[in-house]
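Comments concern the structure below.
Each chain gets a letter, A, B and so on, in the order the sequences are listed, and its residues count up from 1. Remember, predicted model here, so these are calculated numbers, not experimental data.
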2 protein chains.
Amino acid sequence: MPKLQQIHQMDNLHRLFFKAFSNYTRLEIIQLLRKKPLTVTEICEKTGFEQSRVSHNLRCLEHCGFVKVTQNGNFREYSLDEETIIPIVDLFDKHIRKYKERLENCGVIKDG
Amino acid sequence: MPKLQQIHQMDNLHRLFFKAFSNYTRLEIIQLLRKKPLTVTEICEKTGFEQSRVSHNLRCLEHCGFVKVTQNGNFREYSLDEETIIPIVDLFDKHIRKYKERLENCGVIKDG
DNA sequence: TAGGCATATGATAAAGTTATCATATAGACT
DNA sequence: AGTCTATATGATAACTTTATCATATGCCTA
């Protein structure tokens, strides 16, 4: 039986984990990287997002262990952690399809 | 191959799904409900959170399909969707343990 | 139907998050 | 070294989310 402090600690990590996923920019990036590794510039081109926006969010994803980087000359190639993230994302789809309509009507979270 | 619109639609649902998880209050509630179903008052007592705060967040969790309610006289008993949510939460623990330190140092997301 | 308990809801100020702009760093090539 | 290209970082205004307060609804029992 873990102590209360440990429970709260774990909750906080859960929260960080989910927040990393809960942003449109980061999700777009994750979806792209599911297909293949990409550089920052490539992500910018494919999404239309500004470079700075992409870099900031990649930094977040890297911190959270979602993506790995390999320096390649002047470029940095980002790829998903396939062992943990890809199976997780796949699993979510099931729940999301089931509760599609309800999710859309959750007043607490904005739809933008 | 899904259309671009469908991909964005799915992303949006993913985002809603994760936002539901990414809040301290809601995670505390989820952790409690993993053990057994509880009424609003019981959740308030166990967490120390205000009744209104708990109700608002339960509403969100219900919309997202995380919890179910059964009216029981004057009380409403909330329980987790054990088929989808409990396995998902278990799966997260693995990733979270692996990336504990990094999650804690993600500057984008506040640690509060 | 009156009163009490359990829960829900609406409005809003405070707190947190995001995109953007401007600027910095770092590698490659001359 | 100087320049170009790729990426990272810091500050901040705009936006989103949260907790809280006040109040409303709904069920029960007398």
Exercise for the section: Kindly say whether, by distance alone, the side chain of A:S52 makes a donor-acceptor pair under 3.5 Å with the base of C:dC21? Expected result: yes
Practice task
Tell me whether A:H56 is stacked on the nucleobase of D:dT9, counting only the six-membered base ring and applying the 5.5 Å and 30° thresholds.
Solution key: yes
Problem - Polar contact flag, side-chain donor to acceptor under 3.5 angstrom, B:Q51-B:S55 - result: yes
Exercise for the section: Record whether the side chain of B:T39 comes under 3.5 Å of the base of C:dT7 through a donor-acceptor pair of N or O atoms. Expected result: no
Problem - Rounded distance (Å) that lies between atom P of D:dT18 and atom CZ of B:R59 - result: 14 Å
Practice task
For D:dT18, take OP1 and OP2 only and decide whether either is under 4.0 Å from a side-chain N or O of B:N23.
Solution key: yes
Exercise for the section: Look at the side chain of B:N74 against the base of C:dC5 and say whether a donor-acceptor pair falls under 3.5 Å; ignore hydrogens and angles. Expected result: yes
Problem - Phosphate OP1/OP2 of D:dT18: any B:T25 side-chain N/O under 4.0 Å - result: no
Exercise for the section: Indicate whether OP1 or OP2 belonging to D:dA6 is found under 4.0 Å from a side-chain N or O atom of A:Y78. Expected result: no
Exercise for the section: State, with a plain yes or no, whether a side-chain heavy atom of B:D81 is found less than 4.5 Å away from one of B:V67. Expected result: no
Practice task
State whether the side chain of A:E42 and the backbone N or O of A:T39 hold a donor-acceptor pair below 3.5 Å, judged by distance alone.
Solution key: yes
Handout entry: Length of the line joining B:N72:CG and C:dT7:C1', which is rounded to integer Å
Key = 14 Å
Practice task
Specify the separation, in whole Å, of atom CG of A:L58 and atom C1' of D:dA6.
Solution key: 13 Å
Problem - Among D:dT7, D:dT20, D:dG26, the nucleotide that comes nearest once only the side chain of A:V40 is considered - result: D:dT7
Exercise for the section: Indicate whether OP1 or OP2 belonging to D:dC27 is found under 4.0 Å from a side-chain N or O atom of B:R76. Expected result: no
Handout entry: Under 3.5 Å donor-acceptor pair, B:Q51 side-chain atoms to C:dA6 base atoms
Key = no
Practice task
Figure out the CD1/P separation between A:I29 and D:dT7, and round it to whole Å.
Solution key: 13 Å
Practice task
Starting from P on D:dA8, measure out to CG on A:N57 and report it in whole angstrom.
Solution key: 12 Å
Fill in the blank from the handout: Rounded to whole Å, the CZ-P distance (B:R53 to D:dA22) equals 18 Å
Completion exercise
In whole angstroms, the gap separating C1' of D:dT7 from CZ of A:F49 amounts to 18 Å
Problem - Aromatic ring proximity B:F66/B:F21, centre distance under 6.0 Å - result: yes
Exercise for the section: Provide, to the nearest angstrom, the distance between the CD atom belonging to B:Q71 and the C1' atom belonging to D:dT25. Expected result: 12 Å
Practice task
Establish, from distance only, whether the side-chain atoms of B:R53 and B:T25 form a donor-acceptor pair under 3.5 Å.
Solution key: yes
